[in-house]
Student: 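The structure under discussion is supplied below as structure tokens; questions concerning it will follow.
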Amino acid sequence: MSQSISTTLRRAGTVTALAAAGLFAAAGVASAHVTVHPESYAKGATDGVLTFRVPNEEDSASTTKVQVFLPTDHPVLGVLVHPQDGWTAKVTTAKLKKPVKTDDGTITDAVSEITWTGGKIGAGQYEDFDVAFGQLPDDTGTLTFKTLQTYSDGKVVRWIEEPAGGEEPENPAPALKLTAGAGGAGSAASTGGPESTSKAGDGTTAKAAAASDSTARGLGIAGLVVGALGLAAAGFAVVRGRGGRA
């Protein structure tokens, strides 16, 4: 009977390991998308920072060009690009169909595209591109930043799809949620405020904290699933053992 219990536990352990591996693989795929951080800001927020995180998904090619397109129907005002070691940023502006009135006057032009070239993101690596803004719009709930990622082998990944029917698309565009709230200096929603604030003072610390937080959440979820599977396996073994004694 002890041999039967041992066999059962070994099988349960194998299933648990496979489930955990699948969970980590799924988490890896999700994190490979180009994303914008923080995930949300207050509508009309001023003097903040947006970070576009670009991971390299290819094993045999490097990312050599990143193009981020900013919406002009709900423009982001006062855009400034943070210098990035090894990369050259080209900022393109466009005429607004609907000028924006501010306390400093009427804005007729806004940044529509930022292109980074000259650098390299290798396999298993990512790069954070920081963009400061003067003011976010207050007349929409979401800002979508369509992005093109070009690899050294010529492949172009188009992160331009928006959710439809509640399902996440294969190549989702980075999206920033704009929440109701007082838009003050660096005002961010609770999901992103600390990261944005720390970034303004120390970008390295903020990135490390964001990466650590993301990793912790992933490990926490994985631990819960693995623990649940382990308990189920142990319970099954006990039942089988009692059945054998009977």
Student: Taking the side chain as every heavy atom from C-beta outward, state whether V81 and V91 have any atom pair closer than 4.5 Å.
Tutor: yes
Student: If a pair satisfies ring-ring contact (aromatic ring centres under 6.0 Å, His included) and one of its residues is in residues 71-90, list it, with sequence neighbours excluded.
Tutor: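 Listed by first then second residue: W87-F129.
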Student: I'd like to know if the side chain of Y151 and the backbone of E57 have a donor-acceptor N/O pair within less than 3.5 Å.
Tutor: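 Indeed, once roles are kept as given, a pair shorter than 3.5 Å links the two residues.
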Student: Does either side chain, that of D128 or that of T51, offer a donor lying less than 3.5 Å from an acceptor on the other one?
Tutor: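 T51 and D128 do not have a side-chain donor-acceptor pair below 3.5 Å.
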Student: Apply the test side-chain contact (heavy atoms from CB on, under 4.5 Å) to residues L96 and D109: give CA-CA distance (whole Å), side-chain angles for both, the deciding distance (0.1 Å), then the verdict.
Tutor: CA-CA 5 Å; L96 299 177; D109 298 84; 5.7 Å; no
Student: Taking K90's backbone N and O only, do any of them form a donor-acceptor pair with E113's side chain (distance below 3.5 Å, no angle check)?
Tutor: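 Looks like no, no N/O pair under 3.5 Å.
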Student: Once you round to the nearest 0.5 Å, how far does CG of L80 lie from CG of D47?
Tutor: 10.0 Å
Student: Going from NZ on K65 to OG1 on T117, what distance comes out if it is rounded to the nearest 0.5 angstrom?
Tutor: 7.5 Å
Student: Compute the centroid of each ring, for F145 and then for F52, and state whether the two points are separated by less than 6.0 Å.
Tutor: yes
Student: Working to the nearest 0.5 angstrom, can you tell me the gap between T64 OG1 and K155 NZ?
Tutor: 13.0 Å
Student: Mind checking the CG-OG1 spacing from L70 to T147? Nearest 0.5 Å is all I need.
Tutor: 9.0 Å
Student: So if I apply the side chain to side chain donor-acceptor pair (under 3.5 Å) rule between W159 and each of E170, Q149, H33, which one comes out positive?
Tutor: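 With W159 as partner, side chain to side chain donor-acceptor pair (under 3.5 Å) holds for just one option, Q149.
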Student: Which distance, rounded to the nearest 0.5 Å, do you find between the CG of D130 and the CZ of R53?
Tutor: 9.5 Å
Student: Quick one: pull up OG1 in T150 and CZ in R158 and give me the separation to the nearest 0.5 Å.
Tutor: 10.0 Å
Student: Take the angle between the ring planes of Y41 and F133 and call it parallel below 30°, perpendicular above 60°, tilted in between.
Tutor: perpendicular
Student: Locate the shortest heavy-atom distance separating P169 from P163; write the atom from each residue and the value.
Tutor: CD-CA, 3.8 Å
Student: List the steps, then state whether side-chain contact (heavy atoms from CB on, under 4.5 Å) holds for L176 with T142.
Tutor: CA-CA 6 Å; L176 176 72; T142 303; over 6 Å; no
Student: Apply the test side-chain contact (heavy atoms from CB on, under 4.5 Å) to residues V79 and I114: give CA-CA distance (whole Å), side-chain angles for both, the deciding distance (0.1 Å), then the verdict.
Tutor: CA-CA 10 Å; V79 170; I114 305 174; 4.1 Å; yes
Student: Write down the atom of T140, the atom of K43, and the distance for their closest heavy-atom approach.
Tutor: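 Shortest heavy-atom separation between T140 and K43 comes out as O-CE, 3.2 Å.
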Student: Assess the side chains of Q84 and W116: does a donor N or O sit below 3.5 Å from an acceptor N or O?
Tutor: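 Side-chain D/A pair, Q84 to W116: absent.
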Student: Between V36 and P174, which heavy-atom pair has the shortest distance, and what is it?
Tutor: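 Looking at all heavy atoms of both residues, the closest pair is N-CB, 4.0 Å.
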Student: Show the nearest heavy-atom pair for residues T35 and H37, with the distance to one decimal.
Tutor: OG1-NE2, 2.8 Å
Student: Are L143 and L178 close enough, and set up right, to give a side-chain contact (heavy atoms from CB on, under 4.5 Å), and what steps lead you there?
Tutor: CA-CA 7 Å; L143 289 179; L178 297 182; 3.9 Å; yes
Student: Check whether any side-chain N or O of S152 sits under 3.5 Å from a backbone N or O of S62 as a donor-acceptor pair, and report yes or no.
Tutor: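 Pair found, side chain donor or acceptor close to backbone of S62.
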Student: If we ignore hydrogens and angles and just use 3.5 Å, is the side chain of Q67 paired with the main-chain N or O of L148 as donor and acceptor?
Tutor: no
Student: I'd like to know if the side chain of T72 reaches the main chain of P75, judged simply by a donor and an acceptor atom lying under 3.5 Å from each other, with no hydrogens or angles considered.
Tutor: no
Student: Between E39 and K177 (salt bridge meaning N to carboxylate O under 4.0 Å), is one present in this structure?
Tutor: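 Judged by the 4.0 Å cut-off on N to carboxylate O distance, E39 and K177 do not form a salt bridge.
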Student: Side chain of N56, backbone of T63: donor and acceptor closer than 3.5 Å?
Tutor: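 Indeed, once roles are kept as given, a pair shorter than 3.5 Å links the two residues.
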